[in-house]
Participant: 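I have a structure here, written as structure tokens, and I will follow up with some questions on it.
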Amino acid sequence: MELNCSSPKTIPVVSTFTGKGSDSSSTRKPISLWPGMYHSPVTNALWEARSKIFERLLDPPKDAPPQSELLTKSPSQSRTTIFYNFSSDYILREQYRDPWNEVRMGMLLEDLDALAGTISVKHCSDDDSTTRPLLLVTAAVDKIVLKKPISVDIDLKMVGSVIWVGRSSIEIQLDVIQSPKEESDVSHSVALAANFIFVARDSKTGKAAAVNRLSPETEQGRIFCDMPALADRDSILLRDTRLENALICQPQQRNIHGRIFGGFLMHRAFELAFSTAYVFAGLVPCFLEVDHVDFLRPVDVGDFLRLTSCVLYTELENLDQPLINVEVVAHVTRPEIRSSDVSNTFYFTFSVRPEAKATKNGFKIRNVVPATEEEARRILERMDAEMPQQNQ
């Protein structure tokens, strides 16, 4: 198994045994003795690969100043790939094998968290040994979706990068990729997808700390952000279609089990989606459908519910009925513990009322352009999900 970090070096990952790999002549504390160290092949390799940064985290310089200036980094600067060489490394294969010849999911989850932690450190680091490093902790696991069984006999790849940055929090997208050699369709090779949210704290004060900014990485997104006067006038950035609202869930909205009624959540999500399509099109939208809805976690009375929406993409092949696809994500946010979990994701499809369109000469729906790799991935995933329905 190998680990590809930002440096051009390939870092070997070997099976872990007590004492293996430690250098008794080194003044550095053996990695096996570091607090919180878990002895799995991946975490061992990740800690070794980023040892200098992690050592600063464990023993920061005394009275070191905080980072004075935030940097702007692209997703590619934090992107890290782990390669599990199951097909030829017998010992590694046996470490990860479960009784059914699949990968032990528990070990994979620990690897995901270790990789997400390393990526967060890479993004937040200012590469200055004179400043005190940030403390980065897992705030939430937004979602983990297993799309197909993961075999222990086929090589595996885990890829991750930062996809979103707030003031003191970052979101990391991780994909576990596995496909037989005869399978060439990359879109079907993602076996597991996960999103981790990390928060940053000042290592001295313990208070929330600002993190480095994230720059857009898609070509069209760069043109819109850096050269707006030269951008395509028939298109709009996805982020410019966003709307948001928030509410405290009240007792009057609960069901017989004391939880917030699912219909109430759908009601609020629909109204936000309708408003998003209305503002986007400039005409009264016409509702067509809502896709399958998963209720990932219950919403309780007193929860702070935040609904965010955007136009993911448009379909303009049929000019008589242009389609506007709107995503609404419901987050249960707990400010007191600085966490935010997705409870529901809704996908609505709208068109424009013919009578409304007839009153506006030259009416035209714009294309939606992603500004980041994450936005592009979400659009493609949604389009892929729609394809089987359209073919039925």
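The figures that follow rest on heavy atoms only: side chains count, while hydrogens, waters and symmetry mates do not.
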Participant: Judged by atom type as modelled, is there a donor-acceptor pair below 3.5 Å linking the side chain of S169 to the main-chain atoms of V165?
Facilitator: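 Such a contact is absent between S169 side chain and V165 backbone.
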Participant: Just wondering, do L108 and M158 contact through their side chains at under 4.5 Å, heavy atoms?
Facilitator: yes
Participant: On a heavy-atom basis, which atom in A273 and which in V328 lie closest, and how many Å separate them?
Facilitator: CB-CG2, 3.7 Å
Participant: Show the numbers, then the answer: is there a side chain to side chain contact (heavy atoms under 4.5 Å, CB included) between V326 and L312?
Facilitator: CA-CA 6 Å; V326 179; L312 268 186; over 6 Å; no
Participant: Using atom types as modelled and distance alone, determine if a side-chain donor or acceptor of S161 lies under 3.5 Å from a backbone N or O of R79.
Facilitator: no
Participant: Would the distance check show the side chain of Q178 and the main-chain N or O of I154 forming a donor-acceptor pair, the cut-off being under 3.5 Å?
Facilitator: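 Yes, the answer is positive, given that a donor and an acceptor are paired below the 3.5 Å cut-off.
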Participant: If we ignore angles and hydrogens, is there a donor and acceptor under 3.5 Å between the side chains of D113 and T138?
Facilitator: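 A pair is found: one side chain offers a donor N or O, the other an acceptor, under 3.5 Å apart.
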Participant: Indicate whether the side chain of T80 and that of K122 have a donor and an acceptor atom separated by less than 3.5 Å.
Facilitator: yes
Participant: Does F270 CZ have over 12 foreign heavy atoms under 6.0 Å away?
Facilitator: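 Count over threshold, so yes.
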Participant: Honestly curious: do I236 and L316 fall in one hydrophobic cluster under the side-chain, below-4.5 Å linking rule?
Facilitator: yes
Participant: Looking at every non-hydrogen atom in both residues, tell me the closest pair between C249 and D300 and how far apart they are.
Facilitator: CB-O, 3.6 Å
Participant: Do L136 and V121 touch side chain to side chain, with heavy atoms closer than 4.5 Å?
Facilitator: yes
Participant: Would R268 and L307 count as a side chain to side chain contact (heavy atoms under 4.5 Å, CB included) here? Give the steps.
Facilitator: CA-CA 8 Å; R268 296 304 297 261; L307 297 167; 3.8 Å; yes
Participant: Please check if any side-chain donor atom of Y96 sits under 3.5 Å from a side-chain acceptor atom of D89, or the reverse.
Facilitator: no
Participant: Just by distance, no angles: are the side chains of Y84 and D111 close enough, under 3.5 Å, to form a donor-acceptor pair?
Facilitator: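 The answer is yes; a qualifying pair exists.
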Participant: Is F350 reachable from I379 through a run of I, L, V, M, F, W or Y residues, each pair having side-chain heavy atoms under 4.5 Å apart?
Facilitator: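 Yes: a chain of side-chain contacts under 4.5 Å links I379 to F350.
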Participant: Please determine, by modelled atom types, if E315 and N325 share a side-chain donor-acceptor pair under 3.5 angstrom.
Facilitator: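 Note: E315 and N325 side chains meet the donor-acceptor criterion.
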Participant: D303 and R334: salt bridge (Lys or Arg N to Asp or Glu O under 4.0 Å), yes or no, with the steps?
Facilitator: CA-CA 7 Å; D303 279 349; R334 299 182 183 277; 3.4 Å; yes
Participant: For a side chain to side chain contact (heavy atoms under 4.5 Å, CB included) check, start with the C-alpha distance between V284 and V352, then their side-chain angles and the critical distance, and finish with the verdict.
Facilitator: CA-CA 6 Å; V284 178; V352 176; over 6 Å; no
Participant: Report the C-alpha separation of K207 and D202 in whole Å, then their side-chain angles, then the decisive distance to 0.1 Å, and conclude whether the salt bridge (Lys or Arg N to Asp or Glu O under 4.0 Å) test is met.
Facilitator: CA-CA 5 Å; K207 295 182 179 179; D202 187 289; over 6 Å; no
Participant: Measure from the side-chain N and O atoms of T345 to the backbone N and O of V329, and report whether any donor-acceptor pair falls under 3.5 Å.
Facilitator: no
Participant: Cation-pi check for Y347 against R382: NZ or CZ below 6.0 Å from the six-membered ring centre and within 45 degrees of the axis, yes or no?
Facilitator: yes
Participant: Quick check against the 3.5 Å criterion: does T241 have a side-chain atom that pairs as donor or acceptor with the backbone of C310?
Facilitator: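 Side chain of T241 to backbone of C310, a donor-acceptor pair under 3.5 Å: no, none is there.
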Participant: With distance as the sole test, does N344 use its side chain to make a donor-acceptor pair with the main-chain N or O of A330 at under 3.5 Å?
Facilitator: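 No; judged by distance alone, with no hydrogens or angles, the pair does not exist.
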Participant: Within the distance-only criterion (no hydrogens, no angle test), does the side chain of D98 pair as donor or acceptor with the backbone N or O of E102 below 3.5 angstrom?
Facilitator: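 Answer holds: yes.
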Participant: Can you check side chain to side chain contact (heavy atoms under 4.5 Å, CB included) on K148 and V190, steps first, answer last?
Facilitator: CA-CA 8 Å; K148 62 180 182 179; V190 176; over 6 Å; no
Participant: Do V137 and I197 share a hydrophobic cluster (ILVMFWY, side-chain heavy atoms under 4.5 Å, transitive)?
Facilitator: no
Participant: Ignoring hydrogens and geometry, is there a side-chain-to-backbone donor-acceptor pair from K157 to D175 under 3.5 Å?
Facilitator: no
Participant: Between R93 (side chain only) and F86 (backbone N and O only), is there a donor and an acceptor less than 3.5 Å apart?
Facilitator: yes
Participant: For the hydrophobic clusters of this structure (ILVMFWY residues joined by side-chain heavy atoms under 4.5 Å, transitively), does one cluster hold both M107 and V103?
Facilitator: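 Yes; V103 is reachable from M107 via cluster members.
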Participant: Ring centres under 6.0 Å, that's the criterion: do F348 and F274 meet it?
Facilitator: no
Participant: What's the shortest heavy-atom distance between S120 and I170, and which atoms?
Facilitator: CB-CD1, 3.3 Å
Participant: For the residue pair I150 and L146, establish whether any side-chain heavy-atom pair is separated by less than 4.5 Å.
Facilitator: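 Counting from C-beta outward, I150 and L146 do come under 4.5 Å.
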Participant: Any chance CZ of F304 has more than 12 other-residue heavy atoms, nucleotides or ligands included, within less than 6.0 Å?
Facilitator: yes
Participant: If hydrophobic clusters are built from ILVMFWY residues whose side chains come within less than 4.5 Å, do V145 and I177 share one?
Facilitator: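 Shared cluster, no.
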Participant: Under 4.5 Å between any side-chain heavy atoms of I260 and V301, yes or no?
Facilitator: yes
Participant: Find out whether L112 and V176 are in side-chain contact, i.e. whether some heavy atom of one side chain is under 4.5 Å from a heavy atom of the other.
Facilitator: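 Side-chain contact under 4.5 Å: yes.
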